[in-house]
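Right, one structure below, let's go through it.
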There are 2 protein chains.
Amino acid sequence: MAAQVQRMSRLMVKTLRDDPADAETLSHKLLVRAGYVRRNAAGIWSWLPLGKQVLENVTRVVREEMDAIGGQEVLLPALLPKEPYEASGRWEEYGPELFRLKDRKGAEYLLGPTHEEIFTLLVKDQCTSYKDLPVTLYQIQTKYRDEARPRSGILRSREFLMKDSYSFDTTDEGLAESYALHRGAYIKIFQRLGLDHRVVSAVSGAMGGSASEEFLAPAAAGEDTFADCPSCEYAANTEAVTFTAAAAETAEHPAAEEIDTPDTPTIETLAQHLGVPASATLKNLLVKVDGEIVAVGVPGHREVDLGKLSDHLAPAQVELVTAEDFTGRPDLVRGYVGPQGLEKVRYLADPRVAAGTAWITGANKDGVHAKNVVAGRDFTVDEYADVVVVEDGDPCPRCGTGLKLDRAIEIGHIFQLGRKYADAFQLDVLGQNGKPTRVTMGSYGVGVSRAVAALAEQTADEKGLCWPAEIAPADVHVVAAGKAVQIELALDVAERLAAAGLRVLVDERPGVSPGVKFTDAELIGVPKILVAGRRSAEGVLELKDRRTGEREELPAAEAIARLSA
Amino acid sequence: MAAQVQRMSRLMVKTLRDDPADAETLSHKLLVRAGYVRRNAAGIWSWLPLGKQVLENVTRVVREEMDAIGGQEVLLPALLPKEPYEASGRWEEYGPELFRLKDRKGAEYLLGPTHEEIFTLLVKDQCTSYKDLPVTLYQIQTKYRDEARPRSGILRSREFLMKDSYSFDTTDEGLAESYALHRGAYIKIFQRLGLDHRVVSAVSGAMGGSASEEFLAPAAAGEDTFADCPSCEYAANTEAVTFTAAAAETAEHPAAEEIDTPDTPTIETLAQHLGVPASATLKNLLVKVDGEIVAVGVPGHREVDLGKLSDHLAPAQVELVTAEDFTGRPDLVRGYVGPQGLEKVRYLADPRVAAGTAWITGANKDGVHAKNVVAGRDFTVDEYADVVVVEDGDPCPRCGTGLKLDRAIEIGHIFQLGRKYADAFQLDVLGQNGKPTRVTMGSYGVGVSRAVAALAEQTADEKGLCWPAEIAPADVHVVAAGKAVQIELALDVAERLAAAGLRVLVDERPGVSPGVKFTDAELIGVPKILVAGRRSAEGVLELKDRRTGEREELPAAEAIARLSA
């Protein structure tokens with residue numbers, strides 16, 4: 001079957017020499033400059049002809065691998081009624097990230113960010129018996145999230161293409177199997193896409209559920225940070241790294257003692273005043289958890305990860321305290337809080353604040369701290385939880401080796417949701433024992449449009465995009481330097497390559513200099529570039545590998561044979 | 001390449017024996033009953049596995065034919081900023097049909113009903129010279145319209161799949177050529193889909209522009225009415241049928257004379273009171289055109305088509321008058337209006353109210369009419385316009401033969417837009433003469449999801465759906481009656497058919513009676529049904545044509561050979 005020849009003279013592709021002013025990441029710059037995408041509004045993008053082809057190639061790979069594990073493709077609406085999301089609680093929980101709207105009758109709708117509720121209702125309607133399960137349904141569909149800071153081009157946009165799938169099983173073992181099938185399919189998908197990726201432990205967050213893993217594509221432009229153990233197999237999103245509880249210390253400490261420390265409301269001013277490292281101090285952060293004030297203690301040199309804290313306390317809502325929260329609370333002395341005086345406040349601490357450890361901390365009096373304040377002796381920790389920001393060199397939870405932190409793009413996420421949504425919608429089927437059995441679910445996502453950006457990030461070089469073969473908009477980019485004999489040869493070779501089943505882009509634009517054509521070819525990033533140049537009269541072309549830059553001269557027939565091999 | 005075998009035991013398809021309570025049209029009933037679609041909210045639908053396959057088949061045909069005329073596929077956002085639609089005037093013009101929403105920052109957006117504005121801006125950004133044109137861009141994308149009365153299942157929904165394309169040319173001849181290319185492509189598309197269709201003249205409506213044609217699929221469930229001439233080639237949407245002006249009459253009439261007609265405020269009461277046909281009377285409808293009262297005169301037996309009237313007066317807004325509009329207007333006597341006394345009111349009349357024709361009409365006094373009121377003598381028509389509802393038997397505007405009216409579903413629409421949007425956005429390119437040249441546009445749509453409903457309407461019979469081969473979710477539906485030997489034969493034949501490149505659905509559900517399986521097969525509507533029944537032990541199957549019901553017994557090898565031929 002002959003593939004199509006695309007002519008640059010007819011293709012709507014306008015390349016730019018300069019980076020767009022607002023672009024920060026490589027993929028954003030290059031996808032715009034090479035004419036793949038165009039911005040319509042903040043976080044809202046158009047896919048131009050070359051971009052649409054790349055997006056379609058990624059979509060095809062995702063579809064094939066989902067079909068291979070028995071996924072059934074469906075297409076659900078993006079415009080969704082409020083009620084199911086109200087029933088699950090996510091109408092509220094999503095907060096401002098949800099696009100909400102009303103129809104002409106005033107009924108409320110949302111633009112779907114993900115479809116757990118709707119799939120649960122669908123299966124409740126369609127499946128009545130254990131014989132109807134397991135079932136895995138998927139869709140490749142436009143999703144909406146009103147990001148606070150849409151940026152990085154198509155990497156974090158407000159309208160994006162996602163493959164979301166949902167598995168339905170009657171047993172935990174069945175869910176584990178559906179999860180494993182997806183995990184395998186995702187690895188195949190990202191391998192076929194040519195995406196360097198890591199599977200890391202993740203937190204389930206607002207989605208709910210028990211186990212989850214993320215698929216991360218390491219890239220400088222990534223907005224996620226993950227921790228990688230150089231010794232063992234451990235890898236996790238930093239939000240999911242948990243520090244094993246430290247052993248209690250048994251050393252004897254002198255009695256706690258107050259010390260005058262005027263004007264030292266911060267760890268920095270305190271450590272400087274006393275001439276001690278920040279790690280010798282105990283930092284106490286006050287937060288409101290569903291309105292109640294809670295203190296969180298961590299070593300002075302560490303930061304509280306509000307994401308981890310929120311995840312730990314979910315579904316309770318966590319907010320920072322404001323000046324008003326101190327009124328009528330003489331027990332809370334701003335800047336000088338210490339756990340030893342907080343009788344009415346719940347105290348959550350990092351495992352590093354182990355029993356027997358001694359700290360310099362606030363004395364609950366203005367301008368006064370206390371030293372030798374010992375955990376378990378002078379104050380009680382109500383609950384231990386790892387809620388600090390993970391740092392490079394923190395111990396691996398599995399083997400203790402210092403972790404290495406890296407930036408990455410989240411390209412996939414798989415969740416064992418369990419029965420959260422099935423409970424919300426009473427999704428039962430008739431079990432083998434004749435009784436109603438509650439269904440257990442998994443939910444799985446691939447960022448299809450984001451994968452295009454991740455691929456661009458990982459494969460581009462200083463000259464431009466550089467696509468893996470399966471994803472590129474063409475297999476070969478034939479460039480006619482300019483003269484009639486060169487154009488004739490280029491078109492002839494292009495047709496013959498297409499007849500051999502290759503997807504060909506041919507640059508036969510009249511009045512465009514060879515230099516511009518070469519620069520454009522490198523920017524557009526088709527893996528093989530075939531130039532009809534100075535030896536065209538002899539029928540000899542130059543074949544260039546876009547990635548390595550290797551080039552060699554070949555007669556047309558040999559070039560065609562080589563490329564179709 | 002081996003196609004896939006789909007097993008009914010694993011496919012999520014739940015057939016229903018009863019029509020859904022709210023379904024009125026055949027396609028609505030059958031697509032729901034056969035498990036192709038499921039309703040999520042008014043006019044908002046999910047495509048289940050079988051439905052998605054049919055939708056995908058239609059999409060593929062549309063894409064192939066668009067590519068064949070050189071269309072370049074893109075994908076623009078559905079969530080669109082307000083500004084371009086404000087600039088074109090359509091933010092207001094669309095009225096309540098537009099889904100509008102705000103983002104977290106309060107910026108206004110809409111869900112795209114059609115994308116003329118956005119494509120115009122895209123081309124303005126990408127194309128700078130006549131050398132970049134002509135260009136035809138298309139997308140197959142989810143569209144949104146907040147229909148006042150979403151109904152008939154996927155036939156008139158609020159979220160739907162559409163192929164929209166836009167052509168850009170520098171000359172009128174170029175536009176005519178782009179239009180002709182689309183016209184040809186659409187005919188091919190509907191032929192391949194197996195849709196009986198007519199190309200009819202249409203009005204351009206809110207879209208603006210000069211020439212337009214609709215592609216209509218005749219069907220009882222259709223919401224459009226078109227007029228067909230039995231003698232000549234003329235066919236048009238009834239809204240586009242225009243009555244040629246009648247010749248002035250020259251007969252002498254007696255002087256106009258008032259007649260007492262108490263309690264006759266309607267044509268019916270008047271005609272009955274006087275014992276004359278309604279056609280002898282003149283009906284005067286009062287409307288408000290941009291707030292100003294206008295009278296519209298038509299023969300008493302005809303109805304005013306508000307759609308045609310609005311189209312004729314566009315962009316002015318037309319409203320019906322209310323009781324309040326009569327206060328302070330003693331010249332307007334409700335129920336007894338006559339053009340002979342309406343000095344301050346603009347008078348628009350049907351061409352049938354030709355100069356010299358005499359009428360019985362209101363005398364502008366309560367309970368009084370006048371007879372022998374002659375057009376051109378006793379009153380002046382400010383403007384003639386055909387704004388009556390076309391009726392069966394009205395004369396063909398081309399040859400005069402009585403027209404025949406039929407119901408149909410609009411499945412495609414092509415417009416020569418001209419320079420309306422190019423003017424709104426100053427879309428110019430550098431012309432061959434070195435000067436800026438205003439671009440001229442065409443806009444073209446195919447209702448992809450609606451085409452599925454239209455196909456169902458045209459091809460279904462009392463047993464269920466009955467798809468054309470290219471669109472069906474499978475080529476063959478293999479049914480295993482039930483016994484082990486039948487299931488074994490069915491699965492074996494299914495695999496062999498798939499190996500021959502056919503798409504196969506096999507019903508091997510255990511514990512489901514043969515009767516249910518046969519009924520389901522007819523409901524689902526795959527064109528060929530192959531039954532492994534009572535002669536399975538001998539390897540003989542029954543091949544049945546879904547449409548004709550013809551059946552014959554064949555050995556497996558012969559059945560496979562016949563089907564793959």
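Letters A, B, ... mirror the listed sequences (proteins, then strands); counts begin at 1. It should be emphasised that the depicted structure is a prediction, and the values quoted were computed from it without experimental measurement.
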Test Lys131(B) against Arg509(A) for side-chain contact (heavy atoms from CB on, under 4.5 Å), laying out the working first.
-> CA-CA 10 Å; Lys131(B) 291 179 198 165; Arg509(A) 287 176 292 177; over 6 Å; no
A quick test of your reading: do over 12 heavy atoms of other residues, nucleotides or ligands sit less than 6.0 Å from [atom1] of [X]?
X: Glu108(B); atom1: CD; value: yes
X: Glu177(A); atom1: CD; value: no
X: Arg17(B); atom1: CZ; value: yes

Flag the one option from Gly35(B), Ser46(B), Ser9(B), Pro77(B) with the top tally of heavy-atom pairs under 4.5 Å to chain A.
->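 With the most close heavy-atom pairs to chain A, the winner is Pro77(B).
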Please give me the minimum heavy-atom distance between [X] and [Y], naming the atom from each residue.
X: Tyr144(B); Y: Ala78(A); answer: OH-CB, 3.3 Å
X: Phe99(A); Y: Leu79(B); answer: CZ-CD2, 3.6 Å
X: Lys52(A); Y: Leu75(B); answer: CD-CB, 3.7 Å

Whether [X] side chain and [Y] backbone form a donor-acceptor pair below 3.5 Å:
X: Gln72(A); Y: Met12(B); value: yes
X: Glu73(A); Y: Pro49(B); value: no
X: Lys14(B); Y: Cys127(A); value: no

Flag side-chain contact, heavy atom, 4.5 Å: [X] against [Y]:
X: Ile44(B); Y: Tyr109(A); result: yes
X: Arg100(A); Y: Leu101(B); result: no
X: Thr142(B); Y: Thr142(A); result: no

Rounded to the nearest 0.5 Å, how far does [atom2] of [Y] lie from [atom1] of [X]?
X: Gln6(B); Y: Asp67(A); atom1: CD; atom2: CG; answer: 9.0 Å
X: Asn40(A); Y: His115(B); atom1: CG; atom2: NE2; answer: 8.0 Å
X: Arg10(A); Y: Thr136(B); atom1: CZ; atom2: OG1; answer: 12.5 Å
X: Leu11(B); Y: Gln126(A); atom1: CG; atom2: CD; answer: 10.0 Å
X: Leu121(B); Y: Arg38(A); atom1: CG; atom2: CZ; answer: 6.5 Å

Under 4.5 Å, counting heavy-atom pairs only, tell me which of Leu98(A), Val135(A), Leu137(A), Leu80(A) racks up the most with chain B.
->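 Max contact count across the listed options: Leu137(A).
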Based on non-hydrogen pairs under 4.5 Å, which of Ile118(A), Asp132(A), Val37(A), Leu122(A) is most in contact with chain B?
->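 Greatest number of close heavy-atom pairs with chain B: Leu122(A).
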Identify which part of [X] has an atom lying under 4.5 Å from any heavy atom of chain B, answering side chain, backbone, both or neither.
X: Arg104(A); value: both
X: Pro81(A); value: side chain
X: Leu133(A); value: neither
X: Glu147(A); value: backbone
X: Arg158(A); value: side chain
X: Ala148(A); value: both

Part of Leu50(B) within contact of chain A (heavy atom distance under 4.5 Å) |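 Leu50(B) has no heavy atom closer than 4.5 Å to chain A.
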